[in-house]
4 protein chains.
Amino acid sequence: MPLSKFFCTNAGLAPKRARRKEARPGELLEAALDLFVEKGFAGTRMEEVAARAGVSKGTVFLYFASKEELFKAVVRHNISGRFTEWNAEFESFEGNSADMLRYCMQTWWERVGATQASGISKLMISEGRNFPEIAEFYQREVIEPGHQLIRRVLQRGIDRGELRAMDLNYVAYGLMASMMFLILSKHSIVMSLKEDMTLDPLTYIACQADIFLRGLGAEPTAPHTDTDTGTDA
Amino acid sequence: MPLSKFFCTNAGLAPKRARRKEARPGELLEAALDLFVEKGFAGTRMEEVAARAGVSKGTVFLYFASKEELFKAVVRHNISGRFTEWNAEFESFEGNSADMLRYCMQTWWERVGATQASGISKLMISEGRNFPEIAEFYQREVIEPGHQLIRRVLQRGIDRGELRAMDLNYVAYGLMASMMFLILSKHSIVMSLKEDMTLDPLTYIACQADIFLRGLGAEPTAPHTDTDTGTDA
Amino acid sequence: MPLSKFFCTNAGLAPKRARRKEARPGELLEAALDLFVEKGFAGTRMEEVAARAGVSKGTVFLYFASKEELFKAVVRHNISGRFTEWNAEFESFEGNSADMLRYCMQTWWERVGATQASGISKLMISEGRNFPEIAEFYQREVIEPGHQLIRRVLQRGIDRGELRAMDLNYVAYGLMASMMFLILSKHSIVMSLKEDMTLDPLTYIACQADIFLRGLGAEPTAPHTDTDTGTDA
Amino acid sequence: MPLSKFFCTNAGLAPKRARRKEARPGELLEAALDLFVEKGFAGTRMEEVAARAGVSKGTVFLYFASKEELFKAVVRHNISGRFTEWNAEFESFEGNSADMLRYCMQTWWERVGATQASGISKLMISEGRNFPEIAEFYQREVIEPGHQLIRRVLQRGIDRGELRAMDLNYVAYGLMASMMFLILSKHSIVMSLKEDMTLDPLTYIACQADIFLRGLGAEPTAPHTDTDTGTDA
DNA sequence: GATGAATGAGGATTCATTCAT
DNA sequence: CATGAATGAATCCTCATTCAT
């Protein structure tokens with residue numbers, strides 16, 4: 001998973017030092033991501049990051065000039081250009097809007113929501129205010145493209161006569177809200193529902209998609225039949 | 001002690017010291033709320049709270065034993081009893097489910113979302129994990145009651161034949177997600193959408209309510225006519 | 001017990017305020033003595049003194065300009081001119097040296113050691129260094145007269161041929177050490193022996209007196225018959 | 001890392017950093033001991049300890065988690081294992097009781113009383129109550145073993161017929177009292193006798209030992225019958 | 001490069017002391 | 001006189017950051 005592994009040449013068993021040296025930055029970023037997500041910026045100690053990455057305190061500063069730089073690096077490193085890839089998929093998708101929306105949401109969950117990458121969103125939501133440049137960057141590279149992608153899915157549905165006319169922006173916000181809730185239920189303790197109120201992400205996604213699709217359904221079209229939400233009747 | 005009041009020239013006003021004493025906790029809680037929301041728990045210095053409340057450092061500790069106690073007090077003060085009041089309103093509400101849901105969402109916005117109180121939610125989402133005790137408290141006193149209230153509104157709709165059968169938990173999560181999005185767009189920099197993408201809360205609420213109501217509409221009943229979301233129309 | 005009571009005129013039931021007013025300083029000194037002995041100078045909080053005396057924090061400063069002044073007052077107030085009284089008793093004592101020494105030690109225990117007054121000695125031993133003037137005063141008014149008194153008792157014994165010649169100073173120190181041990185076993189936690197090692201003061205005194213008397217016995221004179229150790233008898 | 005050593009010009013001396021690291025805890029304990037003895041626990045500032053040890057404030061906390069831990073370490077460091085060593089000496093001592101008692105007292109003075117270690121006892125007497133945990137530790141590790149050692153010396157004397165039967169506990173207390181007096185005359189201002197009343201420790205010890213030995217001497221005289229002091233046989 | 005000992009600015013907290021009522 | 005709210009200097013302790021080895 002750490003990118004740096006790709007630079008590792010050791011087929012079998014390279015000397016430990018060398019191998020680790022290459023891997024350092026990646027390991028540090030990983031450790032830092034975990035801790036920042038878990039404890040917030042102020043609550044994370046550099047020494048702890050070092051410890052979790054298996055290096056000494058000083059080493060962290062060898063790779064990152066300061067705690068702030070480490071934070072920024074963590075965010076930057078985890079904001080990859082996923083959207084170019086997804087845009088391509090969007091272009092080539094064949095199928096109705098219902099299937100497409102469900103596919104998008106499920107795919108997002110698999111590729112982002114369910115992975116540590118979602119921790120970055122939680123991070124930015126929580127601490128973004130202290131890092132305006134990063135926030136701006138994140139908004140431009142993640143929020144805005146995500147919003148756009150959703151808009152295009154919806155627009156496509158309208159164009160195909162499968163969805164009714166609507167305020168694209170606001171509906172897209174609603175869908176983002178749905179996704180965000182999943183992120184927070186995964187990363188924020190107050191949103192992680194208690195024992196008896198389990199939240200299964202895929203069920204949740206199916207349920208939300210269902211509501212939105214019905215809610216946005218082309219006016220009085222034929223009734224949908226994909227009613228099952230999975231949990232109770 | 002009470003005699004001295006007669007020598008006070010301020011007729012209606014209580015003696016300065018006494019008046020302030022009564023007001024202190026409230027002033028401090030207000031100042032603390034602002035700062036906690038603005039800078040987070042760790043980022044807020046006690047001295048700053050004192051300064052904003054117009055008192056000295058030591059005075060804060062006169063009313064709150066520690067920073068954490070102050071924080072807890074802020075949380076409690078901005079939550080307490082809201083749901084009992086709302087539950088009462090719920091009991092006495094007359095009207096159909098559509099009106100009720102819209103009323104609930106709008107009222108929540110006016111009384112919580114639009115106020116500083118919503119900053120508390122953002123805080124808990126961001127830093128809750130560092131305060132397990134408070135997180136538990138918050139979940140019990142806010143999240144859970146909120147979830148319950150929404151469930152009851154939905155259940156009422158089902159009972160009245162206005163909403164179709166559904167998985168109450170998951171639908172309620174969806175509605176909570178909608179509200180949460182508003183909170184974050186208000187308090188988290190990365191969610192505060194840029195210039196051209198304005199988000200008007202009431203419009204957003206109307207839009208979400210519309211989608212959910214359509215999405216949850218009693219099965220193949222007569223077609224709804226409450227179509228306007230207010231934005232595009 | 002508080003001196004101030006002597007100034008109290010209320011035969012039956014004077015107004016509470018007035019009565020208390022007179023008693024204040026004494027009550028404060030008493031409370032302060034207890035606390036200083038128990039927790040040391042730094043460990044005693046003025047508010048606690050006030051609380052124990054049943055007054056408000058500010059009141060303490062009405063009577064004593066500062067914590068240091070309070071401390072000094074506590075010491076001064078408890079160093080009474082006991083020695084003039086004792087010197088008189090010494091002059092008029094009739095009996096042999098053995099009886100006299102035992103009488104002195106027992107009397108000291110009853111009048112000083114067993115009372116709160118002994119707490120002052122513990123105080124001075126513990127904190128004297130921080131209050132040089134008081135220490136000097138205490139030494140002059142208590143230690144030195146005590147030492148003198150013991151010396152005179154011993155000298156009398158030598159003069160009467162009941163005790164052998166000795167270095168008066170050093171032997172007197174030894175006797176003081178014995179007394180001091182009792183004080184510390186009463187007031188210092190590390191000297192308060194554990195469960196099974198009880199220390200009964202009068203038994204201890206009897207035992208010490210016995211050893212000293214034997215140790216100082218007139219050379220190979222007639223055998224002593226002062227066999228009783230004092231406890232059971 | 002080890003290579004750099006070759007460039008070091010200090011042949012026999014370890015590299016400055018490393019050498020200091022080894023020495024730090026010891027240096028700090030020494031500095032702390034001095035200050036605790038001089039000013040008491042509460043009166044000693046951590047920064048002062050640091051300064052006296054020639055390091056910065058933070059460094060102290062690198063080795064001792066808190067002021068209290070530092071204090072405990074000082075106590076432990078100045079006590080540990082003394083009694084095992086002494087018990088060994090006790091086992092192998094050859095000679096009569098008089099010599100043994102004198103040897104014990106003198107040795108104690110040389111190894112403890114005359115050193116800063118005795119300051120710890122004064123400290124514990126003065127502030128022990130604020131640290132129940134340490135007080136308990138001190139009592140268990142110092143007072144009790146000391147008391148035991150003295151008892152054994154006395155018991156040995158009785159067994160050899162050199163000392164008369166006696167109440168071991170109480171006599172041992174008396175000897176402890178003697179030692180304690182020396183400690184206090186060294187560390188407590190009120191007990192440090194004035195100019196003309198000099199107290200030479202060794203003379204004092206000789207004097208006390210003499211008195212006790214005479215006082216406890218196996219009769220050479222007619223057999224006493226006042227053996228029972230009441231506690232043990 | 002890596003280490004981890006050392007630093008010291010920063011912030012929470014305590015408590016003697018003041019003073020308006 | 002008595003009160004107790006308010007003050008702020010003093011101190012403990014944390015932790016990002018530096019740097020000699």
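Side chains included, hydrogens not; waters and symmetry mates left out as well; all remaining heavy atoms used. Quick caveat: nothing in here was measured; it's all calculated off a predicted structure.
When the nucleotides dC12(F), dA5(E), dG4(F) are ranked by their closest atom to the side chain of Arg45(D), dC12(F) comes out on top. For Leu62(A), counting side-chain heavy atoms from C-beta on, the closest listed nucleotide (dA12(E), dA2(F), dG1(E)) is dG1(E). In this structure, of dT14(F), dA16(E), dG10(E), it is dA16(E) that holds the atom nearest to the side chain of Phe61(C). Side-chain proximity of Val55(C) to dA2(E), dA6(F), dT3(F): nearest is dT3(F).
Rounded to whole Å, the distance from CD on Glu47(C) to P on dA5(F) is 10 Å. Separating the CG atom of Leu70(A) from the P atom of dT17(F) is a distance of 10 Å, rounded to the nearest angstrom. Rounded to whole Å, the distance from CD on Glu69(C) to P on dT17(E) is 10 Å. Across the protein-nucleic acid pair, Phe64(C) atom CZ and dT17(E) atom P stand 13 Å apart, rounded to whole Å. Here the C1' atom of nucleotide dA2(F) and the CG atom of Leu28(C) are 12 Å apart, to the nearest Å. In this structure, Glu68(C) atom CD and dA16(E) atom P are separated by 12 Å, rounded to whole Å. Between Arg24(B) atom CZ and dT7(F) atom C1' there is a gap of 11 Å when expressed in whole angstrom units. Nucleotide dT14(F) holds its C1' atom 11 Å from the NZ atom of Lys57(A), rounded to whole Å.
Within the 4.0 Å cut-off from OP1 or OP2 of dA6(E), at least one side-chain nitrogen or oxygen of Tyr63(D) is found. A close approach under 4.0 Å does not occur between any side-chain nitrogen or oxygen of Ser56(D) and OP1 or OP2 of dA6(E).
Phe71(A) and Phe131(A) have parallel rings, their planes meeting at less than 30° on a 0 to 90° scale where 60° marks the start of perpendicular.
For dG11(E), its base never sits under 3.5 Å from the side chain of Lys39(B) at any donor and acceptor pair.
A cation-pi geometry, defined here as NZ or CZ lying under 6.0 Å from the six-membered ring centre and within 45° of its normal, holds between Lys67(A) and Phe41(A). Phe137(B) carries Arg76(B) over the face of its six-membered ring, with the cationic atom under 6.0 Å from the centre and within 45° of the normal.
Crowding of Glu69(B) atom CD: a count of heavy atoms from other residues, nucleotides or ligands under 6.0 Å exceeding 12. More than 12 heavy atoms of other residues, nucleotides or ligands lie within 6.0 Å of CD in Glu68(D), so this atom counts as buried by the packing criterion.
In plain terms, the two heavy atoms of Val60(A) and Val55(A) that are nearest each other are CG2-CG2, 4.5 Å.
Position along DNA chain E of the nearest nucleotide to Ser66(C) versus Ala65(B) favours Ala65(B) as the more 5'-ward residue. Mapping Gly58(B) and Phe41(A) onto DNA chain F by nearest heavy atom places Gly58(B) at the nucleotide closer to the 5' end.
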Dot-bracket notation for DNA chain F is requested: 5' to 3', Watson-Crick or G-U wobble pairs only, both distances under 3.5 Å, with ( ), [ ], | and . as defined. .||||||||||||||||||||
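Residue Lys67(A) is in sugar-phosphate contact alone, with no base atom involved, counting any heavy-atom pair closer than 4.0 Å across all strands shown.
Judged as a salt bridge (charged side-chain N to carboxylate O under 4.0 Å, His left out), the pairs with a partner in residues 32-42 of chain D (not counting sequence neighbours) are, in order, Asp34(D)-Arg52(D), Glu38(D)-Arg52(D), Lys39(D)-Glu48(D).
In this structure, the side chains of His77(A) and Glu30(A) stay at 4.5 Å or more apart for every pair of heavy atoms.
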